[in-house]
Undergrad: 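Below is one structure. I have some questions about it.
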Amino acid sequence: MDTTSFTKKSIGGTTTMEPALTPPPIAHTQTTFAKKPSLGAIKSKSKKRDIPEGLWVKCPACETMIFDKELDENLKVCSKCNHHFPIGSRERIHSLVETCTFEEMDASMTSVDMLNFKGVATYKSKLEAYKKNTMLKDAVVTGLCKIGEHRAALGVMDFNFLGGSMGSVVGEKLTRLIERGTEKGWPVIIISTSGGARMYEGMFSLMQMAKTSAALAYHAQKRLPYISVLTHPTTAGVMASYASLGDLILAEPGAMIGFAGPRVIKDTTQAELPPGFQTAEFLLDHGLIDAIVPRKEMKSQLIAHLNFLTAGKKTAAAA
Ligand SMILES: [Zn+2]
């Protein structure tokens, strides 16, 4: 009987359609299904009239509808629950560096289909499609910039380009960036987001882990700082190389950080995973990262950390 009263309520205005008799239990579902589409159609029609499509985004965390422009102005952070939406590399650079100080490096470097990879689609066709849709050449943008008073070498990954996967271009661009930072005696900052190595490039992709790590080792030998910022998600080959090598490792709130996915780990270890496993908050508690920094505070925090990390150098230069 409960179900019957629920059905009555849900059809609200269309009471005339209601059968006089309580329908038998099997017919319940049929009645609900038969009437729902007409209600849905009315609802969606009125919604379409009021709200133009594509202007509102539903927050996946608190389900609030957020006006697109408001979300952009808030650096893609939900103002209700502080959920951090993904943000493109260009927008992120804009939010961090001083106006007009970003000099991009290797802007035209693109991947070559060395393995002649053919899957459901060829690697070549994938690259072309992503270049067209994202207006990017690959999954990282690198360059020299000024953040506060500090000159720095900055690399920002973009998840929109093939899941931020690390192929030979990502590895090469980051290595050149690190080497330039070392050469100039500037700090290096890399903001990561990645699903890991790019399978279309096989071993060439895995080699980038060693290459970027070696460049960072030379950078460290010169006693120059490297700050790694982990954003949602940073996993696999990227996390297992340069992303976890920072003198300081910062992360955005709620970011998923790890090597293999939770399902793989669960299947391999046959153990229950603790709550919050692989989140930035969990890893802060366990000492893998140094701080969680909300996106809106990232610039000021980076400046504060750079002040601290380069203080010794300034004193030595003054003496
Ligand atoms: Zn929210």
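Sequential numbering from 1 along the given sequence is applied to the chain's residues. In each ligand, atom 1 is the first atom listed, and ligand 1 is the first ligand listed.
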Undergrad: Determine whether more than 12 heavy atoms belonging to other residues, nucleotides or ligands lie under 6.0 Å from atom CZ of F67.
TA: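 Correct, the count exceeds 12.
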Undergrad: Please find out if less than 6.0 Å separates the ring center of Y123 from that of Y200.
TA: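 Y123 vs Y200: aromatic centres under 6.0 Å.
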Undergrad: Examine the side chains of E201 and S168 and answer whether a donor and an acceptor come within less than 3.5 Å of each other.
TA: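 On atom types as modelled, these side chains qualify, holding a pair under 3.5 Å.
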Undergrad: For the Zn ion (ligand 1), which protein N/O/S atoms are closer than 2.8 Å?
TA: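 The answer is C59 SG, C62 SG, C78 SG, C81 SG.
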Undergrad: Let me know which of K131, K173, R198 forms a salt bridge (charged side-chain N to carboxylate O under 4.0 Å, His left out) with D138.
TA: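 Going through K131, K173, R198 one by one, the salt bridge (charged side-chain N to carboxylate O under 4.0 Å, His left out) with D138 is satisfied by R198 alone.
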Undergrad: Does a side-chain N-to-carboxylate-O contact under 4.0 Å join E63 and K80?
TA: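 Judged by the 4.0 Å cut-off on N to carboxylate O distance, E63 and K80 do not form a salt bridge.
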Undergrad: Classify the ring geometry of F282 against F277: parallel below 30°, tilted from 30° to 60°, perpendicular beyond 60°.
TA: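 It falls in the perpendicular class, over 60°.
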